[in-house]
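Only one structure is covered here, and it is reproduced in the block below.
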Amino acid sequence: MNLSSLLIPAVLFFALGFLAKLIKSDLKFPDGMAKGLSIFLLIGIGIKGGVALSQAEFLPALNSVLAALVLGFATPILAFVWLNKLGKVGIFDSAAIAAHYGSVSAGTFLVAIAFLDSMGQTYESYPLIMLAIMESPAIIIGLLLAIYARSQMAKLNNNSDPESISMKSLLHEALTNGSVVLLLGAMLIAYLVPADNLKSVIPFYKEMFMGVLSLFLLEMGMEAAKKINEFKKAGLVLITFGITMPIVGALIGLVVAHYWLGFSIGGVFLVMVLAASASYIAVPPAMRMAIPEANPSYYLTLTLGLTFPFNVVVGIPLYYHIAQALVG
Amino acid sequence: MNLSSLLIPAVLFFALGFLAKLIKSDLKFPDGMAKGLSIFLLIGIGIKGGVALSQAEFLPALNSVLAALVLGFATPILAFVWLNKLGKVGIFDSAAIAAHYGSVSAGTFLVAIAFLDSMGQTYESYPLIMLAIMESPAIIIGLLLAIYARSQMAKLNNNSDPESISMKSLLHEALTNGSVVLLLGAMLIAYLVPADNLKSVIPFYKEMFMGVLSLFLLEMGMEAAKKINEFKKAGLVLITFGITMPIVGALIGLVVAHYWLGFSIGGVFLVMVLAASASYIAVPPAMRMAIPEANPSYYLTLTLGLTFPFNVVVGIPLYYHIAQALVG
Amino acid sequence: MNLSSLLIPAVLFFALGFLAKLIKSDLKFPDGMAKGLSIFLLIGIGIKGGVALSQAEFLPALNSVLAALVLGFATPILAFVWLNKLGKVGIFDSAAIAAHYGSVSAGTFLVAIAFLDSMGQTYESYPLIMLAIMESPAIIIGLLLAIYARSQMAKLNNNSDPESISMKSLLHEALTNGSVVLLLGAMLIAYLVPADNLKSVIPFYKEMFMGVLSLFLLEMGMEAAKKINEFKKAGLVLITFGITMPIVGALIGLVVAHYWLGFSIGGVFLVMVLAASASYIAVPPAMRMAIPEANPSYYLTLTLGLTFPFNVVVGIPLYYHIAQALVG
Amino acid sequence: MEYNRKQVNIIVNSALEAKMVRLANRVGVSGYSITPMRTGQGSTGLQTSSSEGDSNILFMMIITFDKMEQMIAEIQKIKDRSYPLRVFINDTYVMDEKDFH
Amino acid sequence: MEYNRKQVNIIVNSALEAKMVRLANRVGVSGYSITPMRTGQGSTGLQTSSSEGDSNILFMMIITFDKMEQMIAEIQKIKDRSYPLRVFINDTYVMDEKDFH
Amino acid sequence: MEYNRKQVNIIVNSALEAKMVRLANRVGVSGYSITPMRTGQGSTGLQTSSSEGDSNILFMMIITFDKMEQMIAEIQKIKDRSYPLRVFINDTYVMDEKDFH
Ligand SMILES: Nc1ncnc2c1ncn2[C@@H]1O[C@H](COP(=O)(O)O)[C@@H](O)[C@H]1O
Ligand SMILES: Nc1ncnc2c1ncn2[C@@H]1O[C@H](COP(=O)(O)O)[C@@H](O)[C@H]1O
Ligand SMILES: Nc1ncnc2c1ncn2[C@@H]1O[C@H](COP(=O)(O)O)[C@@H](O)[C@H]1O
Ligand code: NA
Ligand code: NA
Ligand code: NA
């Protein structure tokens, strides 16, 4: 692992954004630009995934989907226990944060792809499909944990009537999430459309992809830096969690991708990144809606301000190094 | 006509947006994104048209322009009589709605082009020029109808002094409309600029075109679905009009394009689509300004919520089928 | 110099925007679009500059940087003396306006590049580096002039305690300016990143560049036209300055680029354009912050409403003609 | 300026926009307006519009005193379920009685 | 806080923006501010900013009582020609008398 | 509607946004909201949001009377250094006393 592998535009633009806010530059992106860029990226990645799916073999694809579900359901439970039982973090905050860490960050994943590309390292396309799958399960777990939390609270307060939430609205919340709809929708479209018809949109979504990503990461670098001031409120337990949870997640991903799925270095690395990353776009609005009792500044500060920069700068080369050591 | 011809990204992204809102997804586009995309599309289509114009022969081009003017002036009058005399719709609402149906929808036209491209079907480039021409006449007719309506109203109320509108401000309204300026302006630029100089902007406006269109249609799918709740207010006459008027328009377009202009299947089909489509971007602000007495929710609901989806999903394959049957 | 050299998309889209507002079209760009486009352009030009830098020879590059600094420090002082001593313009307004004319307009520079490209005229890449350098010195000069102005004022009012500004905050203002950060940051990134890694973002920043520029100039044409109404407030001295200062600047640039740097026609022309142009994006917010005593409507009206259109339409062919006459 | 109304303003995360619309429909107000906000600072930290979960809107309704009382009762129920709505109310005069109710 | 002013707010479709600007210039106010709105619901249906004809703005002026009276008279004329302007007026105090008039 | 607060509104160029945030933190208000404006007309000319130096924001704080007095004193100092802040203040009622202070 040498430092020059970090000399990819995606990472450097992220660093530029981060630096810009550290030196208190007045650089600003217009309102809505970050949202527009992330819509583009989700569709672009969905299309990549759909193309991958249409060329995939059935059994390994099914296996990947199962592995994604296992990761998506298991890691948030782990995170919850860690935070609430060990860390004594409040039950609602624990549930909401857990949902973020069980889900994934498309931004981090894309940096990982750029990282592999820059080294000419190949990779299986199944992680692309896993990304689309892994957005939702953690949201469902988060909601279930919140229901559990509310009933605990009600017991505590001798309050017999916790606001109940139906299984239907639970699934609704998880599957109609804007990011999920874009990712799965674009995937389905790319899967359905004959390759010839898809060609017309390829220049837009494929050739421009890394350029758009660079703009997005520039903005996210600025956003991450803005959250730094909020750290003092988060406390040591959360800050420690925000750095160690990704590493633990990456190791779980390693086990799943290597021993279960049998991926090559590139594929193992990508699954590690998926498991290590935490959502900062798809899950926050879902948690705002589903667990209003939790404090949003905790989960946004942690995922966007801490885990995202950590993964981009330290985690990605580190996970790659580990994957290489084990698989290579 | 088989269903797979609808498996083009443009249509599927429209469907995705529509579906997203039906299942009450929280997917949202940032403010201004739709407007930005439509500016891009109008310029892109204008450039296509200008290139077409610079390569066109004089007589057929002139003929197309004449045909566009005839369609642009005749169809709104037909629509007005239909709505006001037969349908007993209020005189101002009739005038405003008529202007929308006399004008054209660039979005619908672009889907039609994508549809032809996906089948490898060639087409004349004259309809591109007609599109640019057909935005304005219907606005003029709308304004004239409103003047007529106001004088009728004044007679009714024995009011001798209807607010008069000068011929100059009438033309101003029709020709300075933002969409018209972009379309005609870009067309003129592409016409004037030597081919070599134009090359520098081609990657942007040509290769990215269908990708941008897919984003635009995704957003418009969501917008169309949002208008559905407003249908109950519209009433049966308007809803029937919103579906049958495009078909009638398409048939008029068929006659003009086949018997007068002598186009091939592709060209006939495109003129049918032009005549069938109704404006939902250029004309609404013009009518807000020119016929404040009309209720905007009627014309936006009809054109965007009903006629646009109808044309994209049902109309386009249908018109193509008809064109094939007659011309092929 | 024949007129057809102006038939480049960039200039014509500028003219279209200008015209649109003159005929009072309701054409509007969504909020933030101009800002988003200018972010793209600054990064794109920074990348061009970084690539140029990585291929540059040391001595001429150093020489260019020195020349840029000389131009960046000297022209605002000239402008200040002109305005305040000769033109009797208020001391704060003079300082603020001087900073704008000492800095550069990336938009104007890009039109100049498009102009050269359209004629197949080659040019040195050093002016790209000079552009990035020339944003800041004029801001520093502006601040120093304001400090001087404040002490003059204090003397006048027998007020002994003018608000002092530290050297540190002065440099901060000049170097953390959003445009400067983008330009220098992107330049550094392109300089650092190995050519292979940079490839992934090239389709986005290079091939789309002129298309994005056309959109940006369309919007800037509208903005320039909007400022026209404010001219009456500016007065004759300022209006004369807004047209003659660019010409004087161009001549200074000519001397520097020809006699000092020994550039070819293309390079001399680009340096002339740099020295002739006035900032309307980077410097205004800096002056809002640093010289609140100046009236912003003066500097925005002059730079955006007068000097920018003058340079694009008259200046660029004129400077090229002069460069050709002297150097060619 | 005889027509008194209450301008009910709610600052809320954009993730709850649909909830607010349903609320307005339930109470039966004649209309509402939504303005996006760029930045907000409050007890739940800094919100900078980088994504939907990080964005505030201003949900504004101009209604009669009676409607306002109903609205406040409904909002209270939502606040009781821990949703952080920030509500402030201004007196306002409307030009046309029938425009806002 | 001695300086009383009237905050005149007009919600109107963005297609009529230029008309509002001309109105403000005609009455001769010292300034105005325009804010785009994302969504509006009223008697003319849902407006969601998808295009110019589907977008609302808030046109706001802080002016003296006298200017307000003139303004209202002018607005009434426009409303009489069926333009749907939604107008509401708040009392406000300004820090600097000469800032708003 | 017992809880009176002051709604302090500042219209200012977006180049001064960071200055306003620092001001709010210095005075120690519980929160603030920033809304971008599209267009503004005033003594310093037309601002049309084409770039940062050409854009206005509305910086808004809902605070107690005491905080408002402190705030006004601080704003006055900034205005004395020639920064053109346009400030107007509305009376407002808040639903929850602890939401805004
Ligand atoms: N005192 C205040 N004045 C103005 N806006 C506020 C204030 N407090 C909170 N807000 C707004 O309300 C949002 C949510 O506040 P909170 O739930 O306390 O984080 C903030 O992001 C601000 O936009
Ligand atoms: N009661 C209300 N409260 C707040 N805004 C309203 C109200 N009624 C109408 N509006 C706004 O005014 C716009 C035009 O209203 P209308 O002309 O009734 O459709 C709507 O789109 C809303 O943005
Ligand atoms: N009378 C007014 N009513 C509403 N907004 C105003 C008024 N005067 C100024 N403004 C706003 O304040 C900004 C700055 O004003 P000024 O510093 O006077 O140019 C303007 O661009 C407007 O957005
Ligand atoms: Na994860
Ligand atoms: Na039509
Ligand atoms: Na200069």
Side-chain angles (χ1 to χ4, degrees), chain A residues 29-44 46-47 50 139 169 171-209 211-212 281-282 284-286 288-290, chain B residues 2-37 40-41 44 110-111 113-120 202-219 221-222 225:
Chain A
F29 269 43
D31 307 304
M33 186 149 164
K35 290 174 197 167
L37 296 172
S38 75
I39 287 174
F40 174 94
L41 292 175
L42 287 170
I43 294 179
I47 288 181
I139 298 179
S169 80
L171 276 173
H172 186 263
E173 205 62 50
L175 294 175
T176 63
N177 183 288
S179 303
V180 172
V181 165
L182 277 184
L183 207 48
L184 290 181
M187 200 163 175
L188 190 68
I189 289 175
Y191 180 76
L192 290 176
V193 168
D196 261 10
N197 288 2
L198 204 61
K199 257 187 221 154
S200 63
V201 300
I202 290 297
F204 185 62
Y205 288 112
K206 194 163 169 188
E207 282 156 43
M208 284 174 44
F209 197 83
V212 173
I281 289 187
R288 290 249 181 206
M289 193 68 202
Chain B
N2 65 43
L3 203 94
S4 89
S5 62
L6 277 176
L7 289 181
I8 51 178
V11 174
L12 292 174
F13 275 102
F14 182 82
L16 178 61
F18 203 90
L19 196 79
K21 284 296 138 187
L22 282 195
I23 62 171
K24 295 191 192 310
S25 165
D26 63 350
L27 180 61
K28 243 178 250 155
F29 269 43
D31 307 304
M33 184 147 165
K35 290 174 197 166
L37 296 171
F40 173 94
L41 292 174
L110 291 171
V111 176
I113 298 241
F115 180 82
L116 290 181
D117 286 347
S118 81
M119 295 183 307
I202 291 297
F204 185 62
Y205 287 113
K206 194 165 172 186
E207 283 157 42
M208 283 175 43
F209 197 84
M210 284 297 159
V212 173
L213 181 64
S214 67
L215 272 185
F216 178 74
L217 286 174
L218 178 58
E219 163 85 350
M222 293 196 274

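Scope of the values below: all heavy atoms of this structure, side chains included, with no hydrogens, waters or symmetry mates. A note on names: the letters A, B, ... follow the listed sequences, proteins ahead of strands, and every chain is numbered from 1.
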Original post:
Okay, side chain of B:S25, backbone of A:T176: is any donor-acceptor separation there less than 3.5 Å?
Top reply: yes

**OP:** Against chain A, label B:L213 side chain, backbone, both or neither, depending on which of its atoms sit under 4.5 Å from a heavy atom there.
**Re:** neither

Original post:
What part of A:P30 gets closer than 4.5 Å to chain B, counting heavy atoms only: side chain, backbone, both or neither?
Top reply: neither

Subject >> Spacing of CD1 belonging to A:I43 relative to CG belonging to B:L16, to within rounding of 0.5 Å >> reply: 7.5 Å

**OP:** Identify which part of B:F13 has an atom lying under 4.5 Å from any heavy atom of chain A, answering side chain, backbone, both or neither.
**Re:** both

Subject >> Sub-4.5 Å side-chain heavy-atom contact between A:S200 and B:D117 >> reply: no

Original post:
Side chain, backbone, both or neither: which part of A:M33 has a non-hydrogen atom closer than 4.5 Å to chain B?
Top reply: neither

**OP:** For chain B, find which of A:I189, A:V193, A:D196, A:D31 contributes the most heavy-atom pairs closer than 4.5 angstrom.
**Re:** A:I189

Original post:
With chain B, which of A:L182, A:I202, A:L198, A:L175 has the greatest number of heavy-atom pairs at distances under 4.5 Å?
Top reply: A:L182

Original post:
In this structure, which one of A:N197, A:L192, A:I47 forms a side chain to side chain contact (heavy atoms under 4.5 Å, CB included) with B:P9?
Top reply: A:N197

**OP:** Measure the OH-CG distance between A:Y191 and B:L12 for me, rounded to the nearest 0.5 Å.
**Re:** 14.0 Å

**OP:** Would you mind checking which part of B:K24 comes under 4.5 Å of any heavy atom in chain A, side chain (CB onward), backbone (N, CA, C, O), both or neither?
**Re:** both

**OP:** Looking only at non-hydrogen atoms, find the nearest pair between A:V181 and B:L27 and report the distance.
**Re:** CG1-CD2, 4.3 Å

Subject >> Residue pairs involving residues 204-219 of chain B (criterion side chain to side chain donor-acceptor pair (under 3.5 Å); sequence neighbours excluded) >> reply: A:Y205-B:S214, B:Y205-C:S214

